[in-house]
Amino acid sequence: MAERDLNRAPVIAVTGPRRGAFGPRFLVACAIRWYGGTPLQLRPGDPWQQRRYDGVVITGGHDIDPVLYTAEPEVVPKYDPERDALEAAIIDDALAHQLPLLGICRGAQLLNARRGGNLYQELRSQRRKTSHRRTVLPLKTLDIVPGSRLASLLGTERAQINSLHNQAINQLGRQLQVSGRDLDGIIQAIEDPDHPFLLGVQWHPEFLLPIRRQRRLFQALIKAAGRHSG
């Protein structure tokens, strides 16, 4: 039994809404399998407390309810309360047990909120040099903080990323550091250098899997999860 446990592929929980979002979840699962992990899809209503997993990916999607960071709505609401509840609980559990976690877009925003940070609920007023156009293509420039975990993973201090978000991190949560911004200074990546692996990115690396440096985010998550499962 011990030998099988040691050789067990790391299980990565992949969260998402009750319905839809098939494409992003499928691509995240492909990336996890690419590097030897086993994806575990979790949706609202699933008995997630009964499942064993070694790492977490919180995927993108609708805006999170601003009540989670004690703010009033500033935009027309498009929230998913049952998904908020599931992912908040899974993030809290991952933080409590030091599980490797990658937050993508909404996932990065919710991670920041669970650490006490808040969000810009609209970004048009924050943009001067960048477009508000949503695209899966890597047309936005990312400036990466030198010496950060993200810089080490991507092997560069500037990269091209996609952009599908209309909200972003404003005030940072506890113990989090900025590791990347776009040309308007809007936060695009956060990390906790004291955590085994805690990274949030505002873009969608699952849509950029042909780019090797984007795959490294998933590779690093699987590697960290493998250490946890061992």
Side-chain angles (χ1 to χ4, degrees), residues 4-62 64 80 82-111 114 136 149-150 153-154 161-162 164-165 189-191 195-230:
R4 286 198 298 271
D5 286 344
L6 288 174
N7 292 328
R8 181 176 63 87
V11 176
I12 308 299
V14 180
T15 67
R18 186 183 291 271
R19 297 180 181 86
F22 173 79
R25 289 188 292 108
F26 173 76
L27 291 171
V28 168
C30 287
I32 290 169
R33 290 191 179 98
W34 191 321
Y35 289 107
T38 300
L40 170 66
Q41 301 285 352
L42 294 178
R43 303 177 183 84
D46 289 343
W48 65 270
Q49 299 97 329
Q50 301 173 23
R51 307 294 175 84
R52 177 181 177 181
Y53 50 87
D54 309 297
V56 175
V57 177
I58 307 291
T59 63
H62 292 322
I64 67 173
D80 186 342
E82 64 174 5
R83 183 180 180 186
D84 286 343
L86 168 72
E87 293 181 335
I90 289 177
I91 288 173
D92 290 349
D93 181 69
L95 293 174
H97 293 94
Q98 294 279 289
L99 293 181
L101 186 149
L102 172 64
I104 295 174
C105 198
R106 148 194 175 91
Q109 297 167 9
L110 187 55
L111 168 61
R114 298 314 292 170
V136 298
R149 173 177 285 166
L150 182 64
L153 288 177
L154 299 188
I161 55 174
N162 53 26
L164 293 168
H165 62 106
I190 56 173
E191 60 186 57
H195 190 280
F197 185 92
L198 191 66
L199 181 65
V201 298
Q202 191 61 77
W203 68 95
H204 284 257
E206 73 273 24
F207 289 123
L208 302 174
L209 294 182
I211 302 174
R212 183 180 179 185
R213 64 166 47 104
Q214 296 292 336
R215 297 199 306 270
R216 289 175 186 159
L217 300 179
F218 298 102
Q219 182 181 25
L221 172 72
I222 300 301
K223 184 176 181 180
R227 290 193 294 267
H228 181 270
S229 66

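FYI, the numbering just counts along the sequence from 1.
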Of all heavy-atom pairs linking Pro17 and Asp80, the shortest is CB-OD2, 3.8 Å

Could you work out, with salt bridge (Lys or Arg N to Asp or Glu O under 4.0 Å) as the rule, every residue matching Arg51, not counting sequence neighbours? none

Check: Phe197 and Leu217 side chains under 4.5 Å, non-hydrogen atoms: no

List for me each residue that meets salt bridge (Lys or Arg N to Asp or Glu O under 4.0 Å) alongside Arg114, sequence neighbours excluded, and say none if there are none. Asp92

Give the minimum heavy-atom separation between Val201 and Leu102, together with the two atoms involved. CG2-CD1, 4.5 Å

Looking at residues at least two apart in the chain, or sitting in another chain, which of them share a salt bridge (Lys or Arg N to Asp or Glu O under 4.0 Å) with Glu87? Arg83, Arg106

Scan residues 196-211 for pairs that pass side chain to side chain donor-acceptor pair (under 3.5 Å), counting only residues two or more places apart or in two chains. Gln109-Gln202, Trp203-Gln214, His204-Glu206

Compare all side-chain heavy atoms of Leu110 with those of Ile91 and state whether any distance is below 4.5 angstrom. yes

What residues, two or more places apart in sequence or in another chain, satisfy salt bridge (Lys or Arg N to Asp or Glu O under 4.0 Å) together with Asp46? none

Results of side-chain hydrogen bond (donor to acceptor under 3.5 Å, both in side chains) for Gln98 - residues two or more places apart only: none

Which atom of Asp93 lies closest to which atom of Leu99, heavy atoms considered: OD2-CD1, 4.3 Å

Student check: side-chain heavy atoms of Phe218 and Ile12 closer than 4.5 Å: no

Would you indicate whether His62, at its atom NE2, is surrounded by more than 12 heavy atoms from other residues, nucleotides or ligands within a distance under 6.0 Å? no

Qualifying residues under side-chain contact (heavy atoms from CB on, under 4.5 Å), relative to Gln41, sequence neighbours excluded: Val14, Arg25, Ala29, Arg43

Please check this pair: side chain of Glu191 against backbone of Leu199, looking for a donor-acceptor N/O pair closer than 3.5 Å. no

Which donor-acceptor pairs under 3.5 Å do the side chains of residues 31-38 make with protein atoms, sequence neighbours left out?
residue: Tyr35; atom: OH; partner: Arg215; partner atom: NE; Å: 3.2

Step-by-step side-chain contact (heavy atoms from CB on, under 4.5 Å) determination, Val136 to Leu208: CA-CA 8 Å; Val136 298; Leu208 302 174; over 6 Å; no

Who pairs with Arg213 by side-chain hydrogen bond (donor to acceptor under 3.5 Å, both in side chains), at least two apart in sequence or on another chain? none

Identify the heavy atoms of Ile190 and Ala108 that sit nearest to each other, and give their distance. CD1-O, 3.8 Å

Where Gly16 and Pro44 come nearest, the two heavy atoms and their spacing: O-CD, 3.2 Å

With sequence neighbours left out, what residues match Ile90 under side-chain contact (heavy atoms from CB on, under 4.5 Å)? Thr15, Leu42, Trp48, Tyr53, Val56, Ile58, Leu86

Heavy-atom closest pair, residues Pro100 and Ala225: CG-N, 3.6 Å

I'd like to know if the side chain of Asp54 and the backbone of Val11 have a donor-acceptor N/O pair within less than 3.5 Å. yes

